[in-house]
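Working notes, structure below.
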Amino acid sequence: MQYDRTSRRLPRPLLTEKGLILSLFALYILATSAITVLSFNTSQAQQLATTRSMLLTAARAGGHIVGKYFHDTYRQSSPPGQDHYRLLVEALDSLVDDLPGVEYVYSMDVIEGEAYFVISNETQEDLERGTPSRFYNPYQSAPDELYTAYRNREPVFTPVYSNEWGSFRSAFVPTKRFDDTYYIMAADIKVDGRRDLFMHSLGTAATISLIALLPVYLLFLFYRRLQRLRAEELERQLYTNALTGLPNTAWLTREEGEALSGVSGILLNLNNFHAINMLFGREAGDQLIQRIAPRLQEQLPQGAQLYHLEVDEFLVVCQVAEPDTLLGLARQLLAAVFSQSDESTSARFSVSARAGVASGCDSIKSLLSRTQQAMKQASVMGLPYRAYTGTDSPDQYYERNLHWLNEAGQALAEGRLKPWFQPIRDIHCGGVKHYEALARLVGRDGEVYLPGQFLPAIRCSHLYPLLTRSMIEQSLASFRDRDEMVAINMSKQDLLDEQTMAYLFDTLHAYGMEGRVLIEVLESDSIEYQDDVVDVLSRCRQMGVKVAIDDFGSGYSNFDRILKIEPDYLKIDGSLIRRIDEDEASRVLVAAICQFAVSLNIPLIAEFVESERLLPLLEEMGVSLAQGFGIGRPAPLVSGSEAKSE
């Protein structure tokens, strides 16, 4: 499991939106509580400081208004006149009106431990309740702070207290008379109670916390948005091909376990595509793939999906059930691939493909396995496409290879691996001056087997060079007393095998066949290992062996590089010749090859000429030699006569 460095910084739940909301809510509650407590304590302290100053100011101002003379002159036993008293009350009312929050300013006296109101301002509520200010009105519920101030001769401030009229705070300021006795000047101010103060602090804290945490939440939403976009981008990179934007192998792997019902598919692989990258550069190969992908998309029926698996491999997944329809789609896809060519540079090439077709699969894994097996069989048999038949299981495939390996070994030992020869006609004069040697395995029962059946099994074994040398020996021995030229197919494996090439030159000299032996080399083989192969082919010409480039035009054709090989013949790929009379693209490409070859005086051999009606068209284009079933089928060489078909 890949290590996630973000786990070192944040717990996993915080990385989800729900987890963050819960975390922010908890943080919001915590922050609100802390701010509420802090705000409540601060508000209380501010309230005490503010009301202390205001109460002290109100009490002293009331003392100045009433005046010491009033308290020095009038006592409980000698009250002032009513008019004088009411005048002072009104003055105190005016004072209270000018002091915000102050409810009462009054003076008190303590006689024998009992408190009395001496004079006080009046509110409208007092008058409505019938409790106006009265001279020496007893104060039955005087607070302890009043008596403390009276005893200690120091101003005393009460804490906040509540009653039926609200929450208040009071100040008691002792004031000395001329006879050294004291009376109290007092003031009451209305304040917020603890509950009101707490609720106000709570509201303030909730607002502050919300404002503080809201940007955090918005930043997280932005972060999550970026995270989702990044995840989408990573998923796109993981599950789609960067070059074409199509779903890739990882997408298919994710769906491998999904049960499907009767799914069908076509696997396409571009022939020798790696050589295009090598010859023309990766950019040219990428551009070609980018042109091929939309052309394939255009051929798909509704509901089909195109996947880009490997660099040169595509898979079509669909629900087409009819075999003929599926094979028809495969032909359309192959034609779409073949129509591609590089028009951006002076180099010109065509691309072909091979397809494996399978239907009725119950999983992606089964579909891939069957289409791959079908494609492998198409390659072995030299076909452009093949449908899965149900007989191509891996076990059967390995068993079949082992069978042919044993059969080929016995056939070599017993002389049953023989060359058959197919005539190559000169189109101008109609005669046969060339033959191509084609390997055949003759069974003990006389049945003849084609190379496509046994050659793949022995190609990577020790038998393959033995087969090549046997074909060289038998072919040259068959033609040493004839006038015709014989062509032998050689792969890059043969060309780079020093012992095989030495055997060719020794046998050539032994039979006196200099100038009458032609080796056919696949275009892909001659290009892929160019430096080494060019050296070998150059030596071949020095030894009297002619060189033909086989399947020219299949997969790619680099005219400039072909010049370095200096071939004696070019054999045009049969897939082009087969469609030349009905496909414009094939006809144009063959015409270009002919123009190139004629300008360099290189004779052309057309393969797969299945009807003599193609000969006039080929001759008109400049093709001088023709080979195919329309000319003659491969057969054992009959001494003294033309090879006849079996």
Side-chain angles (χ1 to χ4, degrees), residues 272 275 380 382 401 404-422 434-441 449-480 485-551 564-569 571 634 637:
N272 302 313
V380 169
N401 278 357
W404 285 115
L405 191 62
N406 293 330
E407 284 291 320
Q410 294 175 7
L412 274 171
E414 298 171 4
R416 290 186 286 107
L417 268 171
K418 297 180 175 296
W420 281 24
F421 301 95
Q422 185 174 26
H434 298 72
Y435 286 88
E436 180 179 0
L438 301 169
R440 295 292 186 268
L441 191 155
Y449 299 98
L450 301 177
Q453 295 172 281
F454 60 85
L455 193 58
I458 68 172
R459 188 178 293 277
C460 296
S461 74
H462 70 287
L463 297 178
Y464 181 71
L466 299 179
L467 170 64
T468 301
R469 295 167 199 171
S470 176
M471 291 300 104
I472 292 173
E473 167 68 28
Q474 294 184 69
S475 298
L476 270 61
S478 298
F479 279 83
R480 63 181 174 179
M485 182 180 294
V486 63
I488 301 172
N489 288 285
M490 301 191 75
S491 68
K492 62 176 178 288
Q493 183 176 345
D494 297 319
L495 295 173
L496 299 178
D497 187 335
E498 293 182 0
Q499 294 181 355
T500 296
M501 297 309 297
Y503 186 86
L504 170 65
F505 299 145
D506 291 344
T507 307
L508 178 77
H509 179 70
Y511 288 127
M513 290 286 292
E514 291 87 347
R516 291 195 297 119
V517 174
L518 176 70
I519 61 172
E520 295 188 6
V521 184
L522 290 176
E523 179 191 357
S524 57
D525 290 347
S526 64
I527 297 296
E528 187 174 358
Y529 295 87
Q530 184 182 0
D531 293 338
D532 294 335
V533 168
V534 166
D535 291 341
V536 173
L537 296 180
S538 176
R539 187 182 174 200
C540 285
R541 283 189 295 274
Q542 293 174 5
M543 298 295 292
V545 177
K546 297 184 180 297
V547 176
I549 302 300
D550 197 7
D551 290 347
K564 295 182 180 180
I565 301 174
E566 299 180 359
D568 297 287
Y569 294 90
K571 295 191 73 172
L637 191 64

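Given the structure is predicted, the values throughout are model-derived calculations rather than measurements.
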Rounded to the nearest 0.5 Å, what's the gap from CD1 on Ile488 to CE on Met471? Could you check?
-> 9.5 Å
Parallel under 30°, tilted from 30 to 60°, perpendicular over 60°: which one fits the rings of Trp404 and Tyr449?
-> perpendicular
Of all heavy-atom pairs linking Ala437 and Ser475, the shortest is CB-OG, 3.3 Å
For Leu417, does its backbone N or O pair with a side-chain atom of Gln474 as donor and acceptor, under 3.5 Å?
-> yes
Start with the C-alpha distance between Ser478 and Phe421, add both sets of side-chain angles, then the distance that settles side-chain contact (heavy atoms from CB on, under 4.5 Å), and finish with yes or no.
-> CA-CA 10 Å; Ser478 298; Phe421 301 95; 4.2 Å; yes
For the atom pair CG (Leu412) and CD1 (Ile458), what is the distance rounded to the nearest 0.5 Å?
-> 6.5 Å
Minimal non-hydrogen separation, Pro465 against Asp497, with atom names = CB-OD2, 4.0 Å
Give a yes or no answer on whether the side chain of Asp568 reaches the backbone of Ala548 with a donor-acceptor pair at less than 3.5 Å.
-> no
Provide the closest heavy-atom pair for Leu441 versus Ala408 in the form atom of the first, atom of the second, distance.
-> CD1-CA, 3.9 Å
Verdict with reasoning, Arg440 to Lys418, per side-chain contact (heavy atoms from CB on, under 4.5 Å) = CA-CA 5 Å; Arg440 295 292 186 268; Lys418 297 180 175 296; 5.5 Å; no
All heavy atoms of His462 vs all of Leu466, minimum pair found to be O-CG, 3.6 Å
Take Met490 and Thr500, measure what side-chain contact (heavy atoms from CB on, under 4.5 Å) needs, and give me the verdict at the end.
-> CA-CA 10 Å; Met490 301 191 75; Thr500 296; 4.0 Å; yes
Taking Arg539 for its side chain and Met501 for its backbone only, find out whether a donor-acceptor pair lies under 3.5 Å.
-> no
Can you tell me how far OG1 of Thr468 sits from CG of Asp494, rounded to the nearest 0.5 angstrom?
-> 3.5 Å
Spatial distance of atom CD (Glu436) from atom CD (Glu520) [nearest 0.5 Å] | 4.0 Å
I would like to know whether Glu514 and His509 meet side-chain contact (heavy atoms from CB on, under 4.5 Å); could you show each step before the answer?
-> CA-CA 7 Å; Glu514 291 87 347; His509 179 70; 3.5 Å; yes
Taking every non-hydrogen atom, the tightest pair across Gly515 and Lys546 | O-CE, 3.6 Å
Does Glu414 CD have over 12 foreign heavy atoms under 6.0 Å away?
-> yes
Quick check: does any side chain N or O of Gln410 sit under 3.5 Å from a backbone N or O of Glu407, one acting as donor and the other as acceptor?
-> no
If you round to the nearest 0.5 Å, how far is CG of Asp506 from CD1 of Ile472?
-> 10.5 Å
Measure across Leu463 and Leu405 and return the closest heavy-atom pair with its distance rounded to 0.1 Å.
-> CD1-O, 3.5 Å
So which of Ile519, Val521, Asn489 actually passes side chain to side chain contact (heavy atoms under 4.5 Å, CB included) with Asp550?
-> Asn489
Distance-only donor-acceptor check, side chains Tyr464 and Ser491, under 3.5 Å | yes
With Tyr503, the side chain to side chain donor-acceptor pair (under 3.5 Å) member among Glu498, Glu473, Arg469 = Glu473
Could you tell me whether a side-chain N or O of Arg516 sits under 3.5 Å from a main-chain N or O of Phe479, the two making a donor and an acceptor?
-> yes
